[in-house]
Amino acid sequence: MKHSTKVILISGFSLILVILAVFLFIKIRGNTANIFDRQKNEEIPSERLILGFSQIGSESAWRTRNTQSIIEAAEAKNIQLIFDDAQQKQENQLKAIRSFIVYQVDVIAFVPIVEDGWDNVLQEAKDAGIPVIIVDRQIKADPSLYAGFLGENGFEEGRSAAKFLVEKCAKDNRYRINIVEFSGTENSSVATGRAEGFRSVIKDDPRYNIIYSEDGDFLRSRGKEIMDKILVESKGQLMYKGHKIDAIYSHNDSMTLGLLDSLKQKQVPANDTIIISIDAEQKSIDALTQGKLNCVVECNPNLGPILMELVKQIASGKEIPKVTYMHESVFTENDDFSLYKPRGY
Ligand code: AHR
C-alpha cells in the first residue's frame, strides 16, 4: 500500500503516538493555524482538514479496493487522513474513534463492523463537537448522534439477487426451489439487509425455501469450509439433508469464490444449481462469464470521492444528506459480456 505525507496507516496502540507525530508534522511544515480554534461555520481550506477513519480490516478484495478508494480520494483532495485498521474487532474501532476525539480531528468516519454498540462513543464525539460519517455499513443508533451515512443499500442488493432468481425460475419452469444461503458477518447491517431484502421477494411464494443458512463472515476460507461440510454430509452431491440444492445465494464474492474452490476441488458439477453472488469483483465477473455463476449484484466500494466531498461540506458547517446510497448495477448471464469494463478490484 502506498504511504505518503497525507496518509497515515496505523493500528492499535500506535494510534496515540501517530497522532502526536501528525501534530508535530503539521507544526513543522509551517501550518501555524490552530486547528482547534477555528469557527465551525468558516470555510476551511481542504489542506487543513483532518479526517480520522476507522476501517474494519481487509477481509475481501472488495474491502481492499474500498480502502484504496478512500486513501486515493483523501490524497486527491489534500485531506489529511489518519487511517486505522481495526483487524475485524469492534473494540479496536472504539479505541480508534476515541483517539480521534482526543486528537480533535475535524471529521470522523468509520465502517461499523456490526450494527450495535456505538451510542456511547458517538455521544462522546458529539460532545466534543466532531461530526461523524458512517461509511459502508449502517448502525442502530439515534440518528442525531451522527451526521450521515454513505454506502450501499444492502436490502436492495438482496432484492436484486432474489428478483434475478425468481425471473430465472419462471423461465425455467422450476417448481420447488431449495436455496442455501452463505451469509455475511452476523449482526452486520449488510448481512441483515441482504438477508431481509432477499426474503422480502420470495416470502409469499411457497416454492422458494431457504433450506440452510450459515454465517461465512464474508471470508473465502469460510465459504470453502461451509461448502466442504455440505459436500461431506451429502457424500459429494449438491444436496442438503436429502434435498437437492437448486440455488445458492452468497452475500459476497469472497465466500462465493471459496465455495467454487470447494466444488472444483471435489469435482462436483454445479451446472444445474443457480449461483448468485454480491460485490462484483473481477474474479466473480470472470466466473460469471465462464458460466460458473448466474448473477452478480454489484456492491460499489469506490466511495472515497463522495466521502471526501461530504467531509468538506460538513467541515464547512453545511448539513449533509442523512443517507447517501452508492449507485450499483446487476450483472447476469444474459448480458453481452463484451460490454463489460475491467472492475478494478
Ligand atoms: O460491507 C460490505 C461487504 O463487506 C462486502 O460485500 C464484502 O465483500 C465486505 O467484506
Side-chain angles (χ1 to χ4, degrees), residues 53-70 72-73 86 88 93 109-116 118 132-141 143 146-164 181-201 215-219 249-256 276-285 288 295-311 320-332 343-345:
F53 178 70
S54 165
Q55 178 60 284
I56 58 178
S58 49
E59 75 281 4
S60 58
W62 187 97
R63 182 67 54 203
T64 304
R65 176 60 211 141
N66 179 240
T67 296
Q68 279 168 353
S69 168
I70 288 163
E72 286 164 10
Q88 306 293 324
Q93 292 203 280
F110 72 103
V111 176
I113 186 160
V114 290
E115 285 181 293
D116 295 303
W118 305 103
V132 177
I133 304 175
I134 311 296
V135 178
D136 169 26
R137 299 183 181 178
Q138 312 223 30
I139 56 171
K140 281 185 191 150
Y146 57 92
F149 162 80
L150 166 68
E152 70 270 15
N153 185 336
F155 189 85
E156 274 309 313
E157 291 168 347
R159 274 172 47 83
S160 299
K163 279 200 261 175
F164 170 82
E181 180 184 48
F182 287 61
S183 171
T185 306
E186 203 182 350
N187 298 325
S188 66
S189 69
V190 265
T192 308
R194 288 170 187 176
E196 289 177 358
F198 189 84
R199 283 161 178 76
S200 74
V201 174
D215 174 3
D217 213 8
F218 289 124
L219 296 171
Y249 169 44
S250 166
H251 286 197
N252 89 333
D253 284 346
S254 295
M255 294 187 294
T256 308
I276 304 168
S277 185
I278 298 186
D279 273 359
E281 65 179 69
Q282 188 63 56
K283 282 186 180 153
S284 83
I285 293 296
L288 176 73
C295 172
V296 183
V297 178
E298 183 187 27
C299 176
N300 187 347
N302 298 307
L303 44 71
I306 302 178
L307 177 61
M308 297 313 146
E309 281 312 313
L310 296 177
V311 166
I320 62 166
K322 210 66 201 180
V323 175
T324 306
Y325 287 130
M326 296 296 292
H327 178 267
E328 298 181 329
S329 357
V330 179
F331 301 88
T332 82
R343 301 293 301 150
Y345 62 100

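Index from 1, following the sequence. These figures come from a predicted structure and were not determined experimentally. Heavy-atom basis, side chains included; hydrogens, waters and symmetry copies ignored.
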May I ask you to check whether E328 and N153 show a side-chain donor-acceptor distance below 3.5 Å? no
Could you tell me if S189 and E115 have a donor-acceptor pair between their side chains, going purely by distance under 3.5 Å?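 Note: E115 and S189 side chains miss the donor-acceptor criterion.
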Tell me, with the steps shown, if E72 and R65 meet salt bridge (charged side-chain N to carboxylate O under 4.0 Å, His left out). CA-CA 10 Å; E72 286 164 10; R65 176 60 211 141; 3.4 Å; yes
Any idea which heavy atoms bring [X] and [Y] closest together, and the distance?
{"X": "G184", "Y": "D215", "answer": "O-OD1, 3.3 Å"}
{"X": "C295", "Y": "F164", "answer": "CB-CD2, 3.4 Å"}
{"X": "Q282", "Y": "G344", "answer": "OE1-N, 4.4 Å"}
{"X": "D253", "Y": "D279", "answer": "OD2-CB, 3.2 Å"}
{"X": "Y249", "Y": "A195", "answer": "OH-N, 4.5 Å"}
{"X": "T256", "Y": "S277", "answer": "OG1-OG, 2.7 Å"}

Could you check whether any side-chain N or O of [X] sits under 3.5 Å from a backbone N or O of [Y], counting only pairs where one atom can act as donor and the other as acceptor?
{"X": "N252", "Y": "M255", "result": "yes"}
{"X": "R137", "Y": "I113", "result": "yes"}
{"X": "R194", "Y": "H251", "result": "yes"}
{"X": "R159", "Y": "S200", "result": "no"}
{"X": "S69", "Y": "G304", "result": "yes"}

Minimum side-chain heavy-atom gap [X]-[Y] below 4.5 Å:
{"X": "Q138", "Y": "I134", "result": "no"}
{"X": "F149", "Y": "I139", "result": "no"}
{"X": "W62", "Y": "P301", "result": "yes"}
{"X": "Y146", "Y": "K322", "result": "yes"}
{"X": "S284", "Y": "R343", "result": "no"}
{"X": "N302", "Y": "Q68", "result": "no"}

For a side-chain contact (heavy atoms from CB on, under 4.5 Å) with V135, tell me which candidate from L307, I56, I306 qualifies.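 Considering L307, I56, I306, a side-chain contact (heavy atoms from CB on, under 4.5 Å) with V135 is found only for L307.
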Looking at the rings of W118 and F110, which for Trp means the six-membered one, are their centres under 6.0 Å apart?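 Close enough - the centres of the two rings lie under 6.0 Å apart.
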Under 6.0 Å between ring centres: does that hold for Y325 and H327? no
In Å and rounded to the nearest 0.5 Å, what is the CG to OH distance from N300 to Y345? 6.0 Å
Inter-residue atom distance L310.CG - L150.CG, 0.5 Å rounding: 5.5 Å
Could you tell me which residues satisfy side-chain hydrogen bond (donor to acceptor under 3.5 Å, both in side chains) with Q88, sequence neighbours excluded, listed by chain and number?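 side-chain hydrogen bond (donor to acceptor under 3.5 Å, both in side chains) check on Q88 returns E59.
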For D136, check side-chain hydrogen bond (donor to acceptor under 3.5 Å, both in side chains) against everything at least two apart and list the hits. R63
Take S160 and V297 through the test side-chain contact (heavy atoms from CB on, under 4.5 Å) and record every step on the way to the result. CA-CA 7 Å; S160 299; V297 178; 4.1 Å; yes
Worked check of side-chain contact (heavy atoms from CB on, under 4.5 Å) between I70 and M308: CA-CA 8 Å; I70 288 163; M308 297 313 146; 3.9 Å; yes
